[in-house]
Amino acid sequence: MHRFRFVLTRPLQLIPVLFGISIITFVLVRSIPGDPARVLLGFKATPDAIARIRAQFALDEPLWTQYVYFLQNLAHGEMGRSILYKIPVLGLIVERIEPTFFLVFGSVLLSLLIAVPFAAIAARRRGRLADHIIRVVSTTGLGLPPFWLGIMLIIVFSLTLGLFPVAGYGEDWADRLHHLVLPCLTIALALSAVLTRTLRAGMIAELRSDQATAARARGLPEGMVFWRHVVPNAIVPTINLLAVNIGWLIGGTVIIENVFSIPGMGQLLVRGIFTRDYMVVQGVAMAFAVSSVAVNFLADILTVAIDPRVKL
């Protein structure tokens with residue numbers, strides 16, 4: 001009953017968080033230098049034309065009035081109208097959400113496929129050559145800038161070997177999967193470095209736990225002890241770390257989408273910043289914030305479902 005109440009009340013606790021994010025987003029967006037109307041119309045625009053654009057998008061209103069309009073739009077499930085595209089921002093986000101979703105999903109899946117076996121090898125061979133190599137590689141991966149790594153992957157696998165496209169998103173599903181390999185690998189290499197280190201530490205601790213010792217005393221093979229008792233318990237703290245990093249990853253797609261020219265929300269955000277399209281920047285930033293909060297909420301539920309000992 002207590003866990004069911006947690007699932008119901010937890011989203012209500014997140015409302016103040018989203019409200020605070022909306023204030024920060026609104027203030028930061030309005031702090032971007034430049035006049036959206038002048039950027040849209042060009043430097044030769046007349047004062048009357050600029051005034052009409054500002055009035056059309058309520059840019060001539062006081063900031064607190066603009067923020068009230070922003071909240072009213074959010075309450076009605078809208079995010080305003082783009083100054084540049086002249087269409088509702090929500091429609092723009094819906095069009096761009098698919099590439100970003102599959103980029104994030106593919107990156108997380110690929111990072112887990114890399115991190116889990118490498119962490120298992122390092123934990124079971126602690127102090128040996130394989131462990132040292134994996135630790136050095138994961139530490140190196142933490143220090144590589146994603147944009148630099150993406151460019152290097154393009155040079156090696158696209159320009160030199162010709163195995164993958166340089167940029168774009170593709171036409172059909174197979175083509176899109178082909179286009180997403182390098183972007184997903186770019187993000188996964190950085191994310192898997194973090195997960196490998198955390199999983200390795202958790203697995204080493206669980207190998208020494210009383211539960212693993214009792215399993216060995218019952219005559220279970222070491223491999224069964226490791227995968228049945230050690231790995232599930234080591235994954236629990238990694239779930240929350242993964243949730244935090246997925247929030248970072250969602251924001252990090254801004255860089256990767258622009259490196260690989262993927263028409264997702266990150267690319268839309270960058271163009272909105274350069275064109276001073278306040279509505280687009282606010283809408284995408286809020287979409288990223290809601291996604292991050294939702295991921296952390298799901299991580300809390302998953303942690304409780306996997307380990308009943310976790311206190312809420």
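Val280 and Ser82 get closest at one heavy-atom pair: CG2-OG, 3.5 Å. The shortest non-hydrogen separation linking Gly150 to Val259 is C-CG1, 4.5 Å. Looking at every heavy atom in both residues, Arg125 comes nearest to Ala130 through CD-CB, 4.1 Å. The minimum heavy-atom distance between Val281 and Gly272, with the atom names listed, is CG2-C, 3.5 Å. Leu199 and Ala119 make their closest contact through CB-CB, 3.5 Å (heavy atoms, listed as atom of the first residue, atom of the second, distance). The two residues Val166 and Phe260 have their closest heavy-atom pair at O-CD2, 3.7 Å.
Take Phe288 and apply the ring pair (Phe, Tyr, Trp, His ring centres under 6.0 Å) test, not counting sequence neighbours, and it matches no residue.
Ile187 and Phe164 fall within the same hydrophobic cluster, where Ile, Leu, Val, Met, Phe, Trp and Tyr residues are linked whenever their side-chain heavy atoms come under 4.5 Å apart, directly or through other members. Cluster annotation: Ile256 and Leu177 are assigned to distinct hydrophobic clusters (Ile/Leu/Val/Met/Phe/Trp/Tyr, side-chain heavy-atom contacts under 4.5 Å, transitive). In this structure, Ile151 is a member of the same hydrophobic cluster as Val156, with clusters built from ILVMFWY side-chain heavy atoms closer than 4.5 Å. A continuous path of Ile, Leu, Val, Met, Phe, Trp and Tyr side chains, each step under 4.5 Å between heavy atoms, connects Phe147 with Leu159, placing both in one hydrophobic cluster. Linking Ile, Leu, Val, Met, Phe, Trp and Tyr whenever their side-chain heavy atoms come within less than 4.5 Å puts Val194 and Ile121 in one cluster.
For Ser138 (side chain) and Thr196 (main-chain N/O), no donor-acceptor pair under 3.5 Å exists by modelled atom type. Panel note: side chain Thr25, backbone Gln282; no donor-acceptor pair is recorded below 3.5 Å. The closest donor-acceptor contact from the side chain of Asp277 to the backbone of Ile273 lies at 3.5 Å or more, if one exists at all.
Note that CD1 of Ile114 and CG of Leu195 are 10.0 Å apart. Values are rounded to the nearest 0.5 Å. Interatomic distance, Leu185 CG to Leu180 CG, rounded to the nearest 0.5 Å: 12.0 Å. Within the model, atoms CH2 of Trp148 and CD1 of Ile255 stand 15.0 Å from one another, a figure rounded to the nearest 0.5 Å.
By the 4.5 Å heavy-atom criterion applied to side chains, Ser158 and Leu163 are not counted as neighbours. For the pair Met152 and Phe157, the minimum side-chain heavy-atom distance is 4.5 Å or more. Looking only at side-chain heavy atoms (C-beta outward), Phe26 and Gln66 come within less than 4.5 Å of each other.
Sorted by first and then second residue, the side chain to side chain donor-acceptor pair (under 3.5 Å) pairs with a member in residues 178-195 read Asp175-His179; sequence neighbours excluded.
Salt-bridge formation is detected for the pair Arg200/Asp131: a Lys NZ or Arg NE/NH1/NH2 atom is positioned less than 4.0 Å from an Asp or Glu carboxylate oxygen.
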Residues 89-104, side-chain donor-acceptor partners within the protein, below 3.5 Å, at least two apart:
residue, atom, partner, partner atom, Å
Arg96, NH1, Gly264, O, 3.4
Glu98, OE2, Tyr169, OH, 3.0
Glu98, OE2, Arg176, NH1, 2.9
Thr100, OG1, Glu257, OE2, 2.6
Thr100, OG1, Met265, N, 2.8

